[in-house]
Amino acid sequence: MLLRLTSPMAAGIALFALLFAAPLLGANEYYSYILNLMMIHVIVTVGLNLVMGHAGQLVFANAAIFGIGAYGTALLMKHFGLPFWLCLPLGAMLAVSIGLALVFPALRLSGIYLALATLAFAQCALWVMVHWTPVTFGAGGFTIPAVSFAPLPISPDMGMYYLAWAVCALLVVLARNIVRSRIGRAFVALSDNEISAQSLGIDLLRYKAAAFGLSSLFAGIAGGLFAGTLRFVGPESFDLHQMILQLVAVVLGGIGSLAGSVIGGVLIVVVLEFTKATKMSVEIVFGGLLLVFVLFAKGGLVVFIRRFLPSWNETLHASPAPRSKAP
Amino acid sequence: MLQVEHLNVFYGITEVLRDVSFTVPQGEIFALLGGNGSGKTTIINTLCGLVKPRKGSIRLLGQDLAGRPCDQMVRAGLIQVPQGREVFASMTVRENLEIGAATRPAGEIAGDLQEMYALFPRLREKRDRLAGALSGGEQQQVAIARALMGRPRLLLMDEPSVGLSPIVVEGMVETIRDLNRTRGLTILIVEQNVGVAAAVASGAYVLKDGEIAYSGSAPDLIGNPEVLASYLGR
Amino acid sequence: MKTQDMMIFGYLMATGLTTGALYALVAIGVVVVFRATGVVNFAHGEMFMIGGFLAWTAHVMFGLPFLVAFAAAVAGTFVLGIITYQTTFRPLASTGNQNAILLAMVGLSFVLKGIARDLWGGRGDYLSFPPLVSPTPVDIFGFMIMSQQLIVLGAAIAVMIGFWLFFRFTRAGKFMQATADNTKAARLVGLRVDRVFMLTFAVGAAIAGAAATLMAPLTLLYPDVGFSLFVKGFAAAALGGLGSIPGAIVGGFLLGVTEQLSANYIATGLQEVAAFILIFLVMIFIPNGLFGTAARRRV
Amino acid sequence: MKRLLHTLLLPAALFAWSASAQAQDAQTQGITDTEVKVGAFGPFGGPAYLFGKIAMNGIEVVFDKVNAEGGINGRKLVLIREDDSCRAEGAIAAVKKLVYDEKVFALIGGACSNSTLAARAEIEKAGVPFILNSATSDAITTPVARNIFTSQITASVESRAQVDFAIARGAKKIAVVAMKDAWGMSRYTPLMKYLDEKGIKLVANLELSPDASDATPQALQLKAAGADAVILLLYPKPAAIMVRDATKLAFDPIWIGQSTINDLKAFNAQVGMPGALKNFASITSTKFDPSDPAIAAWNDRLKARFPNDEISPFNMYGLGSAQVFVEALKLAGRDLTRDKFLAALGQLKNFKSDAYFGPITCNAPTDHQCNRTPGWFAWKDDKLVTLD
């Protein structure tokens with residue numbers, strides 16, 4: 001296999017090598033946990049960027065889909081006592097099937113309409129988590145047992161860490177291949193102009209379904225890992241706060257950039273911890289980041305990186321101007 | 001009256017007008033002719049401030065207006081009757097006309113309104129109807145009257161005949177002539193319909209690929225089969 | 001038993017209409033901005049919230065008369081509307097990228113919420129706003145109605161009429177309407193469209209400020225009040241077709257009544273989610289709202 | 001492949017080694033001869049900051065006073081605050097940071113039920129002594145974890161007290177209005193269980209959203225059901241709206257609140273109807289309202305130390321728990337270890353704090369819920385009065 005060792009890829013390999021080594025190099029449990037959350041957010045952000053950046057569909061339901069992945073995984077463990085390795089893919093499948101249902105509004109709506117319709121959907125999903133008590137244990141949430149990695153002689157925490165590491169690396173590679181494939185190019189055509197995309201023979205239903213399905217798959221898997229890492233699932237983890245975290249991650253790194261998604265996913269966790277440590281208002285910091293990046297640094301941090309690293313040769317697929325079509 | 005010199009306009013990196021110069025004398029009707037994509041509409045839109053030129057000057061009565069925003073162009077007296085009429089469909093005829101005088105003090109409007117009704121009796125009849133519910137010809141009258149409410153020194157008309165039936169076009173040609181004759185209004189008309197241009201204009205320019213390819217008196221130009229064939233695609 | 005059922009239904013309708021009037025006011029603000037600019041001001045709820053806190057500061061903290069507080073809230077939110085326009089719409093409008101505008105608005109709404117929390121949040125969990133009138137309920141045809149609710153209903157209608165008059169009879173109102181109707185034509189007649197947009201944002205926000213001052217005694221004030229009211233207002237606006245002010249008013253009343261009826265006859269838990277279900281269903285199945293595009297006619 | 005397996009196993013091996021090393025230090029982590037590091041976690045902002053930041057202010061003034069008096073056994077108390085934003089992932093991060101990065105000796109805090117419950121497994125695993133001071137969910141302290149105690153009245157104690165109160169007042173038709181969020185459910189579930197035990201059938205069982213600005217449907221249903229006592233599992237704001245809209249309908253049952261409705265003066269203003277609170281009673285875990293002269297000294301310290309934060313009953317949550325902590329620390333003696341501290345805490349008997357209504361008694365190892373005495377407050381003639 002021929003690998004062109006380009007700069008984003010070299011950086012990616014270095015990052016994942018570092019993440020692999022961090023616990024070995026003596027990162028304490030707090031830092032391991034933070035790194036673990038980072039990897040989970042990288043997965044979510046990469047997925048969200050596929051639908052939001054590449055395919056230009058503004059979806060505000062991703063936090064809820066993330067939650068559905070977490071609930072799906074954890075509830076299967078709780079109700080049926082199934083092992084985690086089985087529940088994780090099943091939970092992700094649940095997230096995908098619900099995420100795919102959002103394709104139907106997305107076929108008729110775009111821009112602000114799609115954003116608000118999916119936001120309403122997300123709030124309904126939260127309501128179900130809170131109110132369907134016999135199944136979801138309601139607003140109080142529930143705990144699940146630590147995930148055992150026997151027969152591997154590894155603690156549950158470290159097991160989750162390296163599982164997240166492996167899944168994250170795998171999904172980033174998968175996303176890279178998708179972006180470069182025909183599907184990826186179709187996404188971009190979609191985001192540029194749906195009507196001309198159709199005239200080019202791009203099947204809207206199929207590619208919108210692909211975009212929503214993929215982002216839901218990423219969010220669902222991340223949700224399952226989140227549940228396994230926290231060993232607690234409650235509805236408030238998937239609310240508006242989670243939504244803005246994910247939006248900021250995408251915009252901070254760079255809309256339509258895979259490398260940007262990785263950077264964004266890592267950075268929001270850092271920024272969140274920093275914000276709390278310095279007693280700043282999380283709302284002002286994250287709202288402000290979103291505002292400032294949308295206004296002044298539309299391409300996100302990757303644009304700066306490209307400016308200073310000429311060898312940074314990732315093609316960006318930021319949709320130039322997805323206009324909202326009337327409903 | 002209007003002197004345009006060395007006008008260059010770009011859309012992004014594409015040059016759509018290259019070193020365009022022309023004049024429109026006071027009290028005349030001039031026509032800008034050209035095929036699709038020749039740059040006619042760009043000229044009109046530059047004249048009324050929707051598009052900013054990269055280079056060149058636009059002098060109206062000696063004052064250079066190039067690059068000014070729309071509202072200043074309107075105040076200076078360059079007012080457009082847009083292609084496709086663009087009336088305020090959800091507002092009444094009367095409101096359309098009132099908004100035409102947006103750049104002028106509210107107190108001055110009433111007299112002008114009566115004048116417009118005199119000029120276009122149909123509009124008086126339908127003054128409380130929604131402009132969107134009128135026929136194409138009536139909407140064209142609304143659009144012209146709305147522009148006149150701004151007291152133009154030079155009226156710009158972008159393809160006024162598009163989408164209208166031949167009979168309505170005839171009436172409109174009459175109106176244009178009338179405006180010129182009785183009010184001494186200077187008009188620059190952009191047309192693909194050579195017949196309309198021939199009927200109203202005294203002078204004409206032919207645009208091709210963003211450049212003035214031919215200029216002369218309108219009857220000359222339109223009587224010249226070579227010009228028609230090579231520049232207007234007939 | 002029959003009469004008691006009637007009684008309950010009557011109460012539900014009465015309360016539904018008063019809360020509906022509030023939703024309608026919020027919805028009008030959303031619609032005014034949407035009609036002109038084609039975007040939904042995601043930070044509209046925060047205009048409401050900050051308007052309420054401004055009124056509280058003037059009225060409760062500084063003891064100024066209610067009307068002064070009302071004016072302060074309206075003026076403050078008017079300025080806030082201008083800030084919203086300058087920070088979100090104006091820099092991004094030329095790109096035509098609605099997604100970017102919406103994201104900027106989401107960012108702004110969080111910033112405003114955070115600022116409000118810093119300024120007013122540290123005084124207990126909710127601030128109470130004294131009612132304007134005697135808190136004793138009044139008896140109307142055998143229904144006990146809170147005087148404050150009547151005031152809200154009356155004032156909401158007054159504000160609606162005020163805005164109708166504004167759009168119908170003032171030049172500024174007509175300019176806003178014309179710009180909403182056809183932006184290109186508005187530009188061609190010499191309107192400074194950017195100014196009109198700014199005014200539109202400001203007026204939309206000012207309506208929220210007025211609504212907040214009227215409602216504060218009923219909703220109480222806390223930094224998160226904005227989002228839930230934005231959602232209600234947006235649901236009402238969507239129901240009415242997003243572009244229609246009469247639609248928004250009818251939508252507001254419908255939502256208010258629907259919430260009450262579904263809470264009473266189906267399950268009390270539905271009260272908080274009814275608006276979301278409504279938005280989702282309306283957006284998918286009747287995106288033009290109950291009145292279709294025909295209702296896009298005038299205010 | 002073999003190498004890959006080795007690489008995978010290496011961290012595990014290292015981890016196991018480091019864990020055993022930690023276990024040895026753990027007993028004395030955070031202690032030097034001159035200081036004891038204590039971690040507190042809870043929200044600094046957001047709607048629940050009262051249970052977090054404001055309670056922490058209470059802890060801080062107790063520590064300041066102890067330090068000014070020379071500390072405990074020569075050790076000064078150092079409080080390290082962490083923001084958990086009232087979120088599960090935040091609480092786990094905060095606890096891990098305090099335990100493994102700041103290396104504190106013990107924890108005080110836990111504001112929100114859900115986030116604290118999420119962090120329970122982590123706290124239990126770390127073995128760090130933890131005194132819970134705000135969150136009321138029983139699941140945090142039952143089943144008993146060796147190192148987790150609460151000095152706050154738990155939800156089940158309050159729920160039982162609410163029912164008993166209704167019965168004692170002769171109520172025959174009891175109704176419930178509840179919020180179905182995390183906080184509400186932590187009370188709702190034990191309440192239903194206790195009602196079952198008592199064989200009481202509710203005449204109405206309703207929900208009200210925390211954001212509600214109207215409760216007319218609920219009021220109508222309560223009235224139609226003829227409820228004579230209504231148990232409110234509501235935050236002050238929805239509770240105020242509930243009481244207001246019922247009063248509007250001239251419906252005034254016995255209202256039975258719980259410990260979140262502890263500022264009855266503010267609550268009376270929120271209800272805004274004269275006389276609406278004449279049949280209202282609410283539980284308190286603390287002894288005083290902020291204006292009580294009996295705690296003037298503490299209030300002065302709070303005001304001096306935190307001039308920007310208002311004095312609140314929630315300060316008392318921190319104050320009481322800090323006094324419990326200090327008492328146990330004294331009893332644990334000079335050669336302080338976590339085990340000694342936990343043993344001392346587990347045997348606290350009838351400790352009277354300046355904040356809590358009742359005495360603190362921990363019955364380790366079977367029962368770590370150390371506060372079982374709810375007080376009852378009511379609002380009479382514009383004054384807070386204590387009921388018996």
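Keep in mind that this is a model prediction, so the values were computed, not measured. Lettering of chains follows the sequences in order, A, B, ..., and the numbering in each one begins at 1.
For the pair D:His368 (side chain) and D:Ile148 (backbone), a donor-acceptor distance under 3.5 Å is present. Looking only at distances, no side-chain donor or acceptor of A:Thr143 sits under 3.5 Å from a matching main-chain atom of A:Phe232.
The pair D:Glu60-D:Arg305 counts as a salt bridge, with a side-chain nitrogen and a carboxylate oxygen less than 4.0 angstrom apart.
In this structure, A:Lys78 has no salt bridge (charged side-chain N to carboxylate O under 4.0 Å, His left out) partners at least two apart in sequence or on a different chain. For A:Phe84, there are no ring-ring contact (aromatic ring centres under 6.0 Å, His included) partners, not counting sequence neighbours.
Aromatic ring centroids of A:Phe60 and A:Phe121 lie 6.0 Å or more apart.
Listed options A:Gly234, A:Ser237, A:Ala277 were ranked by heavy-atom pairs under 4.5 angstrom with chain D; first place goes to A:Ser237. For the set A:Asp239, A:Val233, A:Ile34, the count of heavy-atom pairs under 4.5 angstrom toward chain D peaks at A:Asp239. The candidate from D:Ala91, D:Ala139, D:Ser186, D:Ala93 with the greatest count of non-hydrogen atom pairs under 4.5 Å with chain A is D:Ala93. Your options are A:Leu230, A:Val130, A:Val282, A:Thr133, and the one with the most heavy-atom pairs under 4.5 Å with chain D is A:Leu230.
Of the atoms belonging to A:Phe226, it is side-chain heavy atoms, and not backbone ones, that fall under 4.5 Å from chain D. Heavy atoms of A:Tyr161 lying under 4.5 Å from chain D are absent altogether.
With A:Val42 as reference, A:Val46 is the one residue of A:Ile40, A:Thr45, A:Val46 to meet the side-chain contact (heavy atoms from CB on, under 4.5 Å) rule.
When all heavy atoms are compared, the tightest approach of D:Met192 to D:Asn205 is CE-ND2, 3.9 Å.
For the side-chain hydrogen bond (donor to acceptor under 3.5 Å, both in side chains) condition, the pairs that include at least one residue of residues 279-292 of chain A, sequence neighbours left out, are A:Glu283-C:Arg117.
Listed in order of number, the residues of residues 80-89 of chain D that approach chain A to under 4.5 Å between heavy atoms are D:Asp83, D:Ser85, D:Cys86, D:Arg87, D:Ala88, D:Glu89.
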